[in-house]
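Report on one structure; see the data block that follows.
Side chains included, hydrogens not; waters and symmetry mates left out as well; all remaining heavy atoms used. Positions are given from 1 along the sequence.
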Amino acid sequence: MIRRLKYNEIDFDKYTHCLENSEQKNGYARKEVLDQLSGNWHILVKDDYQAVMPIHIKRKMGIDFVHMPLFCQQLGIFSKTDDPGINGAFLNFLKKKYKVFLYSFNDRNRFDDDLEKRKNYIIPVSDYAILRRKKYFKGRKSTVKMAQHLLYNEIDLNADSLEFIKNNFKGLAKEAEWQQLKNYLIFLAENNSLKLCGAFSGNILINLALLIADQKQLSLLGLVNNENFKHENGSSFLIDRILQQYVGQQSFNFMGSNIRGIEVFFKSFGAELREYNFIENKFLKRFI
């Protein structure tokens with residue numbers, strides 16, 4: 001039986017145990033991460049935490065609806081073995097009990113129904129030399145080669161790096177969104193889960209990769225570029241150096257894009273497509 005539990009009703013020991021032993025293990029569903037990114041979330045749960053599904057609730061114009069937290073790509077259903085039947089039951093419960101603006105499942109969740117899909121790109125743990133020789137696009141190899149005059153360095157989160165991010169991060173429409181990103185970066189840094197990898201022209205920072213780091217994977221939260229140095233090909237140089245440094249031990253998650261140019265950029269490093277299902281209420285989206 002599936003039921004919903006508000007935040008104060010959740011047994012977080014059982015919730016965490018379910019996540020940690022799930023086939024779909026996903027860092028975004030962890031309690032501390034959702035506390036940081038959402039602040040208003042509860043769960044759907046099957047039986048005695050055999051499967052769980054965290055959902056973020058947003059309120060606007062007096063309406064409570066399900067949405068994805070800013071900077072969170074995938075949530076979904078977590079269980080020991082992914083089961084399309086169980087996933088479908090969660091999906092039906094969600095549609096019946098909630099107004100859904102947008103909800104993204106994780107790339108391990110399978111469904112009997114044909115849902116809309118979004119694209120994500122991942123490079124598995126690989127031998128860097130083989131990856132570059134066999135899977136890089138020819139044009140990407142040339143671009144990386146032309147950018148070898150740049151310098152690579154990993155830096156700390158401080159006033160200077162935050163200023164660079166604030167001035168150059170694309171897509172933050174409101175001051176409140178910048179504050180949320182800033183707080184999230186501080187949270188990641190305090191939990192030893194943030195890497196800031198920079199490309200420098202001389203002593204000038206021109207590109208900065210914001211990476212969420214765990215033992216098995218690096219995830220690209222943002223690639224921040226100073227457009228005045230676009231001709232330096234710093235983005236290509238930076239991703240190549242990160243892969244050279246880490247892809248032998250950790251997979252690299254580009255965190256997806258459905259924008260054609262960005263998608264091709266990711267693919268050009270040999271990244272593999274990993275689609276994930278989502279549902280969206282286009283009428284509610286237009287209304288709100």
Determine whether more than 12 heavy atoms belonging to other residues, nucleotides or ligands lie under 6.0 Å from atom [atom1] of [X].
| X | atom1 | result |
| --- | --- | --- |
| Lys31 | NZ | yes |
| Lys145 | NZ | no |
| Lys58 | NZ | no |

Basic-acidic side-chain contact under 4.0 Å: Arg110, Glu23:
no
Could you tell me whether Asp114 and Lys117 make a salt bridge, using a distance below 4.0 angstrom between a side-chain N and a carboxylate O?
yes
Hey, any chance Ile123 and Val264 share a hydrophobic cluster, counting ILVMFWY side chains that come within less than 4.5 Å of each other, even indirectly?
no
Under 4.5 Å between side-chain heavy atoms, counting indirect links through other Ile/Leu/Val/Met/Phe/Trp/Tyr residues: same cluster for Met68 and Tyr276 or not?
no
Angle class for the Phe65/His67 ring planes (parallel below 30°, perpendicular above 60°, tilted otherwise)?
tilted
Would a line drawn from the ring center of Tyr7 to the ring center of Phe12 be shorter than 6.0 Å?
yes
Working to the nearest 0.5 angstrom, can you tell me the gap between Phe269 CZ and Arg132 CZ?
9.5 Å
Are [X] and [Y] close enough that a side-chain donor and a side-chain acceptor fall under 3.5 Å?
| X | Y | answer |
| --- | --- | --- |
| Asn253 | Asn120 | yes |
| Asn168 | Asn225 | no |
| Tyr121 | Glu263 | yes |
| Gln36 | Glu32 | no |

Just jot down the ring-ring contact (aromatic ring centres under 6.0 Å, His included) partners of Tyr103, sequence neighbours excluded, or say none.
Phe105
Exercise: identify the closest heavy-atom pair between [X] and [Y]:
| X | Y | value |
| --- | --- | --- |
| Val52 | Phe90 | N-CZ, 4.3 Å |
| Ala29 | Pro54 | CB-CG, 4.0 Å |
| Phe78 | Gln24 | CA-OE1, 3.2 Å |

By salt bridge (Lys or Arg N to Asp or Glu O under 4.0 Å) - contacts of Lys267 (at least two apart)
none
Would you call Phe266 and Lys119 a side-chain contact if the rule is heavy atoms closer than 4.5 Å?
no
